[in-house]
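Chain letters run A, B, ... following the sequence lines, proteins first, then strands; residues in each count from 1.
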Amino acid sequence: MGERIRFFPLDVTYKVIDEKAVIHLFSRTEDGKQICVIDGNFEPYFYAIPKKGFSVKEKIEKLSIERDNETYSVAKADMVKKTYLGKEVEAIKVFTRLPRDVPIIRDIIKEWEIIESVNEYDILFARRYLIDKNIIPMLLYEAEGEFINLNLKIPGFKAEKIEQIADITLTKPRILAIDIETYTPANRAIEPEKNPIIMAALYGDNFEKVVTWKRFKTDLGYVEFVGSESELIEDIKKHIEAYKPDILTGYFSDGFDLPYIKARADKYKIKLDLGLDFSELRIKKGMDITAQIKGINHLDIFKFIRKIMGPSMDTETYNLNAVAAELLGEQKHDIDLDELSHTWDNNAENLEKYCKYNMNDALLCFRLTEKMLPTITEIVKVVGLPIYDINRMGFSQLVEWYVLRQAPLFNQIVPNKPSNDEIQKRRMQSIKGGFVFEPKPGLYSNIVVFDYRSLYPTIIASHNISPGTLNCSCCEGDAEKVPLENESYWFCTKKKGFLPSIIEDIITRRARIKEILKEGKGKHIMLDARDTALKLLANSFYGYLGFFGARYYSIESAESTTAFGRFYIKRVIQKAQDAGFKVLYSDTDSVFLTLDGKTKEDSEKFAEKINAELPGLMELEYEGFYPSGIFVSAKFGPYGAKKKYALIAEDGNLKIKGFETVRRNWSFIAKEVQENVLNIILREHDKEKALEYVKKVIHDIRERKVPLDKVIIHTQLQKEILDYDSKGPHVAVAQRLKNQGVSVGPGTLIKYVVTSGSDAIGRRSKLPDEVDEGDYDAVYYIENQVVPAVERIFEVLGHSKDELLEHREQRKLEGFF
DNA sequence: TCCATCCGGGG
DNA sequence: GTGTACGGATGGA
């Protein structure tokens with residue numbers, strides 16, 4: 001009888017040993033040791049689907065060819081009953097001797113007359129293994145087998161049997177962050193072939209190190225001096241090996257740090273055999289550079305944040321400073337990197353601050369990784385691929401690999417990726433989106449808001465939308481048609497489709513998590529993260545159906561999804577009007593009504609009635625009741641009129657959408673006036689009071705009674721100063737800060753006050769410290785801050801901008817311009 | 001206006 | 001490694 005071990009798989013590859021592909025699961029054991037569990041009991045295969053009525057199994061079994069003195073042959077061929085795009089098929093599961101034989105055998109079989117199609121020939125062996133053996137990275141498994149010597153840096157264990165023993169997750173993988181500084185003179189390009197790495201920082205759990213090769217006096221404990229750049233490279237290699245990370249993380253390390261280190265190591269002929277199997281750090285070039293180390297998940301946290309978190313973040317740029325500012329509330333050290341090379345050459349005694357800077361970058365990267373880890377882990381668990389893989393995927397790829405993992409459970413053969421021609425065709429196609437009912441500007445009372453919970457996912461599930469159920473012959477003429485004018489689509493009503501089944505599963509899993517979260521007290525970081533991961537996936541399905549690269553691309557399905565979306569929201573609008581409610585506004589999945597004399601209970605009953613008629617998982621949710629609200633006309637953006645409204649809830653909370661208040665680059669006084677005006681109007685319904693209040697504030701500004709700290713404007717620099725076309729006041733201030741030797745860059749928060757005078761506005765914008773109390777430009781704050789903040793609100797109430805300003809000032813202003 | 005190329009991040 | 005990106009801005013024809 002063999003031994004038993006418990007382990008969390010983290011990375012998976014395979015090696016050919018004795019003419020056989022052997023899976024290697026690089027893992028962490030339950031008691032924290034590294035181990036490589038190997039499994040030789042898995043064979044490469046793909047599917048061949050013959051044309052109807054043809055028997056092809058024997059021909060395939062006999063297939064064997066010679067090429068370059070190598071023999072490629074089919075190891076085995078099994079007849080299997082499968083489902084392919086909604087149809088039952090008799091396929092052949094074609095086994096080859098090695099993974100690399102698959103494309104060769106496939107190419108031959110593909111050309112045969114009697115073959116309808118070949119499928120699943122491009123699913124990497126290691127991934128195929130994880131799917132077929134139902135192994136999910138970062139979960140706990142138990143293997144039975146024996147320890148063997150494998151010529152690896154870590155012990156080997158040959159498994160005869162592997163099974164999951166409980167739903168236990170590795171929550172504390174060992175993380176090591178890396179960041180390098182290179183010799184790059186000001187205004188010069190980054191040139192790895194030419195310029196050395198001069199510092200490298202590593203930050204981990206109870207571990208911090210900055211390695212550099214110029215000596216200077218310092219008390220910093222973490223600084224380590226070596227004699228040369230090549231020694232620096234050897235040194236960081238040694239530290240990484242000693243730390244034994246599960247995750248090596250960097251910020252843009254796919255595109256910068258690791259390729260740079262590799263380029264410099266190559267120059268000195270240093271072997272960067274960081275892989276746990278002694279393989280070298282691999283830089284894969286192409287359109288997109290990636291860096292991979294076998295056995296260690298290299299995480300480029302920048303990539304994850306930009307691709308996955310990006311859409312839900314405020315920042316426009318994803319540089320470390322801006323991202324750390326938003327996610328951690330921390331910034332990079334304020335130093336001028338342009339001077340580093342000069343300091344390195346001439347003033348080594350001043351290098352300490354650069355070491356601190358270097359360390360801080362590694363620290364920020366470590367913290368970002370820690371912060372993202374729960375979400376990353378849950379995505380890994382939902383999609384079922386290692387951190388390294390999911391780190392480099394976008395939404396559509398995550399959906400696709402989720403689908404690929406579910407496919408065997410539903411006995412599905414998965415369609416192939418589109419050809420280039422097909423992609424070109426698909427790129428031409430576009431579809432109609434959600435329905436928008438434009439609000440009429442005005443002040444309203446007794447507003448009820450409803451929205452469809454997860455509209456598109458529930459439509460896909462409830463209407464059985466997928467390429468496999470589209471226009472099925474079994475329901476032709478019987479099934480309800482998709483509400484599209486120029487098309488005649490229907491989806492099967494007799495058999496649940498594959499995609500609708502798995503999306504339904506995601507929706508119900510989310511509902512269960514929500515239940516638990518509702519019941520339980522305190523924080524559930526893991527459940528929150530799981531909900532985030534599932535939500536992300538569910539919301540990506542509709543986009544996936546319309547994504548040109550998708551295996552399950554179906555423009556008809558995507559079109560039908562939005563068509564049903566428009567249908568259901570329009571139906572709510574129609575029925576609400578029929579029932580005597582007034583519809584104020586609607587966008588895609590939500591609708592705003594006024595009671596118009598009816599009661600809140602009436603609206604709840606109305607929603608119940610709507611829900612009784614909705615299919616499957618679809619549900620119109622009561623979002624809230626608002627005693628009053630104001631809709632304001634807004635500027636037209638690229639997608640039509642932008643929504644701009646404010647509602648007040650029964651508990652007095654304001655719900656503001658689209659107003660400038662939510663943005664940072666307004667002075668406190670402008671935000672305060674806007675919020676107070678909204679409060680007076682929505683709470684007290686007193687237009688005159690609001691008007692008088694604004695007049696009073698304008699008067700106070702003019703009298704300079706408003707304290708300086710209320711006129712400070714905070715604006716975050718979104719890009720490099722040079723990259724701004726129009727240099728607004730904050731850019732001018734940033735420029736002056738830079739001239740004074742202060743390091744400013746994207747993400748830096750600029751605080752300034754516009755002072756009085758007749759100069760250009762940029763010149764009059766000063767740092768708060770430089771301004772005396774009361775020395776602000778009253779006209780600017782009235783005209784460019786306070787008035788614009790409330791102008792549109794008063795417009796709705798029938799008061800013009802001029803009424804906000806007293807006559808005398810108005811004349812003065814006119815004279816001014 | 002259309003098509004192709006470049007860029008992001010990093011020093 | 002049973003494989004290869006993406007979407008938006010910019011600039012030239």
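Between A:Y318 and A:F252, the distance from one ring center to the other does not fall under 6.0 angstrom. Ring centroid separation for the pair A:F256 and A:Y260 comes in under the 6.0 Å cut-off.
Heavy atoms of A:R282 sit under 4.0 angstrom from at least one base atom. Contact annotation for A:R306: base contact, defined as any heavy-atom pair under 4.0 Å involving a base atom. Among the protein residues, A:K15 comes within range of no part of the nucleic acid, since none of its heavy atoms lies under 4.0 Å from any strand. Residue A:L98 is out of contact with every strand shown, counting any heavy-atom pair closer than 4.0 Å. Nucleic acid contact for A:K307: none, since no nucleic acid atom lies under 4.0 Å from a heavy atom of the residue. Contact annotation for A:D361: backbone-only contact, meaning every heavy-atom pair under 4.0 Å involves sugar-phosphate atoms and none involves a base.
Taking atom C1' in both B:dC6 and C:dA5, the straight-line distance is 15 Å, to the nearest Å.
Looking at residues two or more places apart in sequence or on another chain, you find a side chain to side chain donor-acceptor pair (under 3.5 Å) between A:K57 and A:E61.
The distance between atom NZ of A:K303 and atom C1' of B:dG10, rounded to the nearest whole Å, is 12 Å. At whole-Å resolution of the value, CD in A:E316 and P in C:dG8 are 14 Å apart. Per the geometry, CG belonging to A:N321 stands 11 Å off P belonging to B:dG11, to the nearest Å. One atom, OH of A:Y318, and another, P of C:dG7, lie 14 Å apart when rounded to the nearest Å. One interatomic measurement links the two molecules: CD1 of A:I283 to C1' of C:dT4, which rounds to 16 Å at whole-angstrom precision. Rounded to whole Å, atom P of C:dT2 lies 13 Å from atom CZ of A:R551. Distance, A:R426 CZ to C:dG7 P: 14 Å, rounded to whole Å.
Nearest-nucleotide assignment on DNA chain C puts the 5′-proximal partner with A:Q292, out of A:D288 and A:Q292.
Taking only side-chain atoms of A:F547, from C-beta outward, the nucleotide of B:dG10, B:dG8, C:dC6 with the closest atom is C:dC6. Proximity note for A:L340 (side chain, C-beta onward) versus B:dG11, C:dA5, C:dT2: the nearest is B:dG11.
Between A:K284 and C:dA5 there is no side-chain polar atom (N or O) within less than 4.0 angstrom of OP1 or OP2. Using a 4.0 Å cut-off, no side-chain N or O of A:Y354 falls inside it from OP1 or OP2 of B:dG11.
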Enumerate, atom names and distances included, each donor-acceptor pair closer than 3.5 Å involving a side-chain atom of residues 95-105 of chain A, sequence neighbours excluded.
residue : atom : partner : partner atom : Å
A:T96   : OG1  : A:L98   : O            : 2.9
A:R97   : NE   : A:S73   : OG           : 3.2
A:D101  : OD2  : A:L98   : N            : 3.3

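Ionic pairing of A:K294 and A:E280 is not present here: no N-O contact between side-chain nitrogen and carboxylate oxygen is shorter than 4.0 angstrom. Looking at A:R106 and A:D122, no side-chain N of the basic residue comes within less than 4.0 Å of a carboxylate O on the acidic one, giving no salt bridge.
The only member of A:I135, A:I23, A:I136 that meets side-chain contact (heavy atoms from CB on, under 4.5 Å) when paired with A:P9 is A:I135.
For DNA chain C, the neighbouring residues in residues 122-131 of chain A, judged by any heavy atom under 4.0 Å, are A:D122, A:I123, A:L124, A:F125, A:R128.
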